[in-house]
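Scroll down for the structure; my scribbles are underneath it.
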Amino acid sequence: MDFLVLFLLYLALVLLCLVLLCLYSTSNQSFHSRYFTGITQAISHIIPVQVQGAVQRVFNGLFHSRLFMALHLVLEALVFAEFTWEVFGYCKKLEFGTPSLLLPYLLLIVNMVFFILCSRSDPGAITKSNQALFLHSYPYDGVMFETGAECITCKVKKPARSKHCGVCNRCMHRFDHHCIWVNNCIGAFNIKYFLAYLLTLISMAASIAGLTAAFLVQVALLSNLMQGHYADVHGEEHPVDVFFLIQHLFLTFPRIVFMLGSVVFLLIILASYFCFILYLVMTNQTSNEWFKSSRFKHRSYSNIYSRGVWSNMAEIIRPLTSPTRKRK
């Protein structure tokens, strides 16, 4: 039992690091590249260059693999295993409504659908055969996107708002960022799936957290803990407060309380990230453009792609250009 708690704690800490990594994945140079470059510079006088290069290649291979997609699925499985094993049974005994108990599983199914769509769909890869379809989708702003630019890797003309992804090794139409959680770029044609994936993931976490918290509150109320007293190390009695209650519940249900704390913490991070992405959608910006815009503040840069909130949101649902049809 204790090993399981420690294992879940370790995975939660890993997940926190990976979530922060995902938030930084919108930059031109990926976070892990900058991170390992900084470490390499710091220890360059201690470790031989050959060893540094070998270590960096290993970690780059891990970041460019499906490791994080698999880890994401494993973490979800662990949370649902704990919820099903303990919380679901306790809630049934306390006569919680069946629809509310089944809601997390329904959201899990919907989330998996959008996860597959997000990871398997074409984000908007630009090739020599279809580049003409994208060249006139957006005007060039002359600041971030210059007319006539060509990708030196793909050897294609770069449409406005496109970018070459170093992980996928392709240029993407309306490139947002490369998401390690779905092992795919987020671009013009799958960002709607990415938003739905985030929203269902947040809803799923909120439903699990809500049911778990409701169960713990019910336990506290039924046991009349708040009306009791406890003795401190000096033998003095004090009325039960919130901190003592949380400590008592943690000692009684350690895995459940730990799972609740982890889910709530990640829920806050995911909700904040979703709000950021939603802000970008409503202002018709990509994560890549938002990050790069700070470089051009001295040139009075302004976003020329925003056409109003509703039009900007409609553009996410129905992109201006797709590989199968030309813009009318």
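On a predicted model such as this, the values are computed, not experimentally measured, just so you know.
Defined by atom type and a distance below 3.5 Å, a donor-acceptor pair is missing between the side-chain atoms of His178 and Asn184.
The shortest distance between side-chain heavy atoms of Met144 and Asn288 does not fall below 4.5 Å. Tyr140 is not listed as a side-chain neighbour of Ile304, based on a closest heavy-atom distance of 4.5 Å or more. Side-chain contact between Ile269 and Tyr273: absent, with no pair of heavy atoms (C-beta onward) separated by less than 4.5 Å. Asn312 places a side-chain heavy atom less than 4.5 Å from the side chain of Arg307. Using a 4.5 Å heavy-atom threshold, the side chains of Arg174 and Ile316 count as touching. The closest side-chain heavy-atom distance from Ser121 to Tyr193 is below 4.5 Å. Looking only at side-chain heavy atoms (C-beta outward), Thr212 and Val263 stay at 4.5 Å or farther from each other. In this structure, the side chains of Phe80 and Met204 come closer than 4.5 Å at one or more pairs of heavy atoms.
One distance of note links OG of Ser293 with CD of Gln285; it measures 6.0 Å at 0.5 Å rounding. With values rounded to the nearest 0.5 angstrom, Glu82 atom CD is found 10.5 Å from Ile208 atom CD1. Atoms CG and CG, on Leu199 and Leu270 in that order, are 11.5 Å from each other to the nearest 0.5 Å. Remark: Lys157 NZ to Ser162 OG distance equals 13.0 Å, nearest 0.5 Å. Atom-to-atom distance recorded for Leu135:CG and Asn130:CG is 9.5 Å, nearest 0.5 angstrom. Between the CD1 atom in Ile256 and the CZ atom in Phe215 there is a gap of 4.5 Å [rounded to 0.5 Å].
Using the six-membered ring where Trp is involved, Tyr90 and Phe253 have ring planes that are perpendicular, over 60° apart on the 30 and 60° scheme.
For the pair Leu280 and Ser287, the tightest heavy-atom approach, listed with the atom from each and the gap, is CD1-OG, 3.5 Å. Of all heavy-atom pairs spanning Ala188 and Pro319, the tightest one is O-CG, 3.4 Å. Between Ile126 and Met172, the shortest heavy-atom distance links the atoms CD1-C, 3.9 Å. The heavy-atom pair separating Asn190 from Gly187 by the smallest distance is OD1-N, 2.8 Å. The two residues His164 and Lys158 come nearest to each other via the heavy atoms N-NZ, 4.4 Å. When all heavy atoms are compared, the tightest approach of Val182 to Ile186 is CG2-CD1, 4.3 Å.
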Before giving the answer on side-chain contact (heavy atoms from CB on, under 4.5 Å), spell out for His177 and Phe291 the whole-Å C-alpha distance, their side-chain angles and the decisive distance to 0.1 Å. CA-CA 11 Å; His177 70 285; Phe291 178 81; over 6 Å; no
Please output the side-chain donor-acceptor pairs of residues 98-119 that fall under 3.5 Å, not counting sequence neighbours, one pair per line with the distance.
unit_1	atom_1	unit_2	atom_2	d
Ser100	OG	Gly97	O	2.7
Tyr105	OH	Thr84	OG1	2.5
Asn111	ND2	Tyr197	O	3.0
Asn111	ND2	Thr200	OG1	2.9
Ser119	OG	Phe115	O	3.0
Ser119	OG	Ile116	O	3.2

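A donor-acceptor distance shorter than 3.5 angstrom exists from the side chain of Asp122 to the backbone of Ala125, with no hydrogens or angles considered. Side-chain N or O atoms of Ser311 include none that pairs as donor or acceptor with a backbone N or O of Gly308 at under 3.5 Å.
Exactly one residue among Thr286, Asn284, Asp141 makes a side chain to side chain donor-acceptor pair (under 3.5 Å) with Arg161. That residue is Asn284.
The ring-ring contact (aromatic ring centres under 6.0 Å, His included) test applied to Tyr305 returns Tyr138, not counting sequence neighbours.
In this structure, the ring of Trp290 has its center less than 6.0 angstrom from the ring center of Phe276.
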